[in-house]
Amino acid sequence: MSANAAFVSIADLKKGRSAISEVIETGGGCSTTGGEGKASCGSSAGADDMPPEIWEKVKNHPCYSEEAHHHFARMHVAVAPACNIQCNYCNRKYDCSNESRPGVVSQKLTPDQAVKKVLAVASEIPQMTVLGIAGPGDSLANPKKTFDTMRQLAEQAPDIKLCLSTNGLALPDMVDEICKYNIDHVTITINMVDPAVGEKIYPWIFYNHKRYTGVEAAKILHERQMLGLEMLTARGVLTKINSVLIPGINDEHLIEVNREVKKRGAFLHNIMPLISEPEHGTVFGLTGQRGPTAQELKAVQDACMGGANLMRHCRQCRADAVGLLGEDRSEEFTLDKIEAMDIHYDLDKRRAYQAKVEAERQAQHQAKVDALDAALDAALIAGQEDLKVLVAVATEGHGRVNQHFGHATEFQIFEVSRKEALFVGHRRVDLYCQGGYGEDEQLPSIVGAINDCHAVLVSKIGACPRDELTAAGIEPVDQYAHEFIEKAALSWFTDYCGRVAAGQITHQARGDARIRQGAFTGAAGDAAELAA
């Protein structure tokens, strides 16, 4: 890193977006912008915000488009068990079904098994549009298995988008192969651009038949990541950068990461919270390194707005995840169950179904646009034109408020203002309803997970959790059941501003919230089985 590199403290981050303006440079990446209310080209953007050829790549990709993630599904196949680096936040686990985090799988697959599984899933879930290889090790540390899988899928399922995730160490050597099989979405995990920071994250790398440690290892990794990113950009491959936010190690430094990856053409930057529970067995988990709070994560993400475009809807999926983001249907497609299936890959049927899904997505977008004018007027009348509040949403997908409070294992979080209802993250929670009854001891943890929210939008809620949430200062709202999320959030915001203007309530700032770590508890897992 250069001697004159700019740094911004966490205190500065909390002051808002202005903190980033001095360190973010213009250019690089997909920097198309629109007018008032328009998104930059990226996660929350639409067809009007980007070139047509880019829109075609992202419009039904749930990881590259925030709108698409409500409607289209993805799956990962676990064909890549080996890894060429060690990360202090990673512990790859096999035959593990009760944790939800990267590097965890229930079954490792051969390329032939993986292809059969993809065809089975695609025939049962026609809105599944994307296949990714994300481990459980590194996809490019297992090149034969990875590219054998991609080659077969390019031939047998040509409509499915192909993606892979990598730490970037082997990436420069593999760009030709990536392009050969039309893999036009690549995720690179980049946690640092300063080797002094990197040596605190990576104990070792294995490169050119030799193990490297310390600053030397981090320096090699950094140089290879930057070169690989530049090469992909030059070939027209869309790149998403994943960064794990580790408080006290790279939290302030991620602003510099954002700046550098934008310069090299990154399409999206996904800043994720560290998962570090001791039971996961990672170095950071065993040494007591904590993850960020919700406020800390959002502060860093907000500070990076104006740089590389941000993805905030990541679920830090398992390496064998199946279904919509936020759900996991992998247990429906184990190898033994696939053997019993009558697999018929009907391309026309898939396209027809996806056309219906796209129509619903367009309806969601229009509902959001229609609700914006009312929110703008209400905020101005209330004298709250700069007001921004967080709301939690219980949803089963399709972009609607369509889940009972007691059935939620996560809440989607939206920042609502007179200008937009912006998706900013999600919070995992323990299931409240277990075996048909509410477990009141779960309520404090659920309240803690959404404590920074002014309201929670649900399709239905019982009396006990309603009272508990109200007492905690979180308004339970069920009057927008089954409406599109953004329309519901903006409608609630309009009503909220009206009540503030009438003096019925006084707007007050909320506190911080706890980000739930990746592993589900046994109780939650048992409850999910009961619900199924």
Side-chain angles (χ1 to χ4, degrees), residues 1-31 33 39-44 87-89 167-168 187-202 218-219 221-223 225-226 229-230 233 239-274 284 289-314 316 388 415 422 424-425 512 515:
M1 180 175 295
S2 62
N4 62 351
F7 289 92
V8 181
S9 70
I10 289 296
D12 288 332
L13 298 183
K14 294 179 179 179
K15 295 177 183 177
R17 299 181 186 179
S18 60
I20 193 67
S21 60
E22 295 180 0
V23 296
I24 292 293
E25 295 180 355
T26 319
C30 186
S31 56
T33 56
S40 292
C41 181
S43 181
S44 60
C87 308
N88 283 332
Y89 53 76
N167 57 50
T187 295
I188 314 170
T189 299
I190 300 178
N191 296 311
M192 56 85 198
V193 291
D194 180 355
V197 175
E199 71 168 332
K200 301 174 184 177
I201 303 171
Y202 306 105
K219 183 175 185 294
L221 178 61
H222 164 61
E223 291 172 349
Q225 289 174 334
M226 297 297 105
L229 173 56
E230 291 168 357
T233 298
T239 52
K240 174 168 68 71
I241 307 303
N242 281 355
S243 296
V244 180
L245 194 162
I246 310 163
I249 293 180
N250 73 345
D251 41 4
E252 298 174 10
H253 179 63
L254 287 182
I255 296 171
E256 183 73 4
V257 173
N258 183 276
R259 173 177 178 265
E260 293 300 319
V261 300
K262 179 185 178 180
K263 283 167 54 178
R264 290 167 173 82
F267 183 77
L268 284 178
H269 190 194
N270 173 30
I271 300 174
M272 309 176 293
L274 171 69
F284 281 151
Q289 171 64 52
R290 71 174 180 88
T293 68
Q295 204 169 73
E296 288 172 332
L297 176 63
K298 188 173 183 298
V300 174
Q301 291 172 331
D302 287 352
C304 289
M305 291 184 72
N309 299 293
L310 296 176
M311 172 190 182
R312 303 205 197 202
H313 59 280
C314 176
Q316 296 177 275
K388 293 181 179 180
E415 183 178 73
L422 177 68
V424 295
D512 204 348
I515 294 178

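Excluded from the calculations below are hydrogen atoms, water molecules and symmetry mates; all remaining heavy atoms, backbone and side chain alike, are included. In this text the structure is predicted, and so the values were computed from the model without any measurement.
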Counting C-beta onward and ignoring hydrogens, is there a side-chain heavy-atom pair between [X] and [Y] closer than 4.5 Å?
X      : Y      : value
Ile241 : Leu229 : yes
Asn270 : Leu268 : no
Val257 : His269 : yes

Rounded at 0.5 Å granularity, tell me how far [atom1] in [X] sits from [atom2] in [Y].
X      : Y      : atom1 : atom2 : result
Ile271 : Leu254 : CD1   : CG    : 5.5 Å
Ile188 : Asn242 : CD1   : CG    : 10.0 Å
Lys298 : Asp512 : NZ    : CG    : 11.0 Å
Met226 : Leu221 : CE    : CG    : 8.5 Å
Glu260 : Ile255 : CD    : CD1   : 13.0 Å
Met305 : Asn258 : CE    : CG    : 11.0 Å

Among Lys263, Arg264, Gln225, which residue meets the side chain to side chain donor-acceptor pair (under 3.5 Å) test with Glu230?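 Only one option passes, and that is Arg264.
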Partners of Lys200 by salt bridge (charged side-chain N to carboxylate O under 4.0 Å, His left out), sequence neighbours excluded?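 Not a single residue meets the salt bridge (charged side-chain N to carboxylate O under 4.0 Å, His left out) criterion with Lys200.
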Just do the side-chain contact (heavy atoms from CB on, under 4.5 Å) check on Gln289 and Leu274 with the steps written out, would you? CA-CA 9 Å; Gln289 171 64 52; Leu274 171 69; 3.5 Å; yes
Run the numbers on Tyr202 and Asn167 for side-chain contact (heavy atoms from CB on, under 4.5 Å), then give the verdict. CA-CA 11 Å; Tyr202 306 105; Asn167 57 50; over 6 Å; no
Asp251 (side chain) donor-acceptor with Gly248 (main chain) under 3.5 angstrom: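 Yes, because the side chain of Asp251 sits within donor-acceptor range (under 3.5 Å) of the backbone of Gly248.
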Atom of [X], atom of [Y] and distance for their closest heavy-atom approach:
X      : Y      : value
Lys262 : Gly306 : NZ-O, 3.5 Å
His253 : Val193 : NE2-N, 2.9 Å
Ala218 : Met192 : O-CE, 3.3 Å

Would you tell me whether Asn191 and Tyr89 have side-chain atoms, one donor and one acceptor, within less than 3.5 Å of each other?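 There is such a pair (donor and acceptor under 3.5 Å, judged by atom type) between the side chains of Asn191 and Tyr89.
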Evaluate side-chain contact (heavy atoms from CB on, under 4.5 Å) for Gln301 paired with Val424, printing each intermediate quantity in order. CA-CA 9 Å; Gln301 291 172 331; Val424 295; 5.5 Å; no
